[in-house]
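Note that the numbering runs from 1 along the sequence shown for the chain. Both backbone and side-chain heavy atoms feed into the values below; hydrogens, waters and symmetry mates do not.
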Amino acid sequence: QVQLVESGGGLVQPGGSLRLSCAASGSIFSIDVMAWYRQDPGKQRDLVAWITTGGSTTYAPSLKGRFTISRDNAKNTVYLQMNSLKTEDTAVYYCNAVVRTAPRMNVGMNYWGNGTLVTVSS
């Protein structure tokens with residue numbers, strides 16, 4: 001019903017920047033919160049940042065100031081601008097969205113993308 005497709009991952013040197021994108025498509029009536037998470041192999045998936053429809057944002061405390069989340073509601077797309085990247089930022093980054101597929105839904109359903117790999121290495 002709803003697909004989330006991430007793009008923009010890749011290899012970058014320490015101190016560099018990347019911009020991730022995630023486009024939602026399918027049977028979408030509205031999207032509430034959109035978010036980015038990341039996961040190292042063998043570890044839990046951690047919140048990076050989330051953003052509401054109105055643009056309010058929340059960041060993992062350790063990432064605030066380096067990462068910026070934004071969204072384009074008209075395009076059902078969320079972005080993550082990552083600056084001053086460190087080797088410890090290496091992870092698979094996942095897009096998440098809470099989506100209402102019908103106008104009568106009181107609560108949206110949770111959807112995930114397949115992830116995009118970010119590797120920070122010299």
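- For the atom pair NZ of Lys64 and OG1 of Thr57, the computed distance is 7.0 Å after rounding to the nearest 0.5 Å.
- Under the 4.5 Å side-chain heavy-atom criterion for grouping Ile, Leu, Val, Met, Phe, Trp and Tyr, Val92 is not connected to Leu80 through any hydrophobic cluster.
- Follow the hydrophobic side-chain contacts under 4.5 Å out from Tyr37 and you never reach Leu85; the two are in separate clusters.
- Proximity of a side-chain donor or acceptor of Glu6 to a complementary backbone N or O of Cys95 within less than 3.5 Å is detected.
- Between the Thr77 side chain and the Lys75 main chain, a donor and an acceptor come within less than 3.5 Å of each other.
- Between Trp50 and Ala35, the shortest heavy-atom distance links the atoms CB-CB, 3.5 Å.
- Side-chain contact check for Tyr93 versus Val48: some heavy-atom pair is nearer than 4.5 Å.
- Residues Arg38 and Asp89 meet the side-chain proximity criterion, which asks for heavy atoms closer than 4.5 Å.
- Considering all non-hydrogen atoms of both residues, Ser17 and Ser84 come closest at OG-N, 4.3 Å.
- In this structure, Met105 is a member of the same hydrophobic cluster as Val2, with clusters built from ILVMFWY side-chain heavy atoms closer than 4.5 Å.
- Between Asn83 and Phe67 there is no side-chain heavy-atom pair separated by less than 4.5 Å.
- The side-chain hydrogen bond (donor to acceptor under 3.5 Å, both in side chains) pairs that include a residue from residues 97-108 are Asp32-Arg100, where partners are two or more places apart or lie in different chains.
- Distance CG/Leu20 to OG/Ser7: 8.0 Å, rounded to 0.5 Å.
- Rounding to the nearest 0.5 Å places CG of Leu4 at 8.0 Å from OG of Ser25.
- Between Val99 and Ser30, the closest side-chain pair of non-hydrogen atoms is not below 4.5 Å.
- Side chains of Ile31 and Val98 form no contact here, defined as non-hydrogen atoms less than 4.5 Å apart.
- Taking CD of Gln81 as the start and OG of Ser70 as the end, the distance is 8.5 Å to the nearest 0.5 Å.
- Surrounding CE of Met109 are at most 12 heavy atoms belonging to other residues, nucleotides or ligands under 6.0 Å away.
- Using a 4.5 Å heavy-atom threshold, the side chains of Ile51 and Met34 count as touching.
- Residues Trp36 and Leu47 are not in side-chain contact: their nearest non-hydrogen atoms beyond the backbone lie 4.5 Å or more apart.
- Geometrically, Arg45 engages Tyr94 in a cation-pi contact, judged by NZ or CZ lying under 6.0 Å from the ring centre and within 45° of the ring axis.
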For residues 110-122, which side-chain donor-acceptor pairs fall under 3.5 Å, sequence neighbours excluded?
from	atom 1	to	atom 2	distance (Å)
Asn110	OD1	Asn96	ND2	2.9
Tyr111	OH	Gln1	OE1	3.4
Thr116	OG1	Gly9	N	3.3

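- Taken to the nearest 0.5 Å, the CZ atom of Arg19 stands 11.5 Å off from the CE atom of Met82.
- The CZ atom of Arg71 sits 14.0 Å away from the OG atom of Ser21 when rounded to the nearest 0.5 Å.
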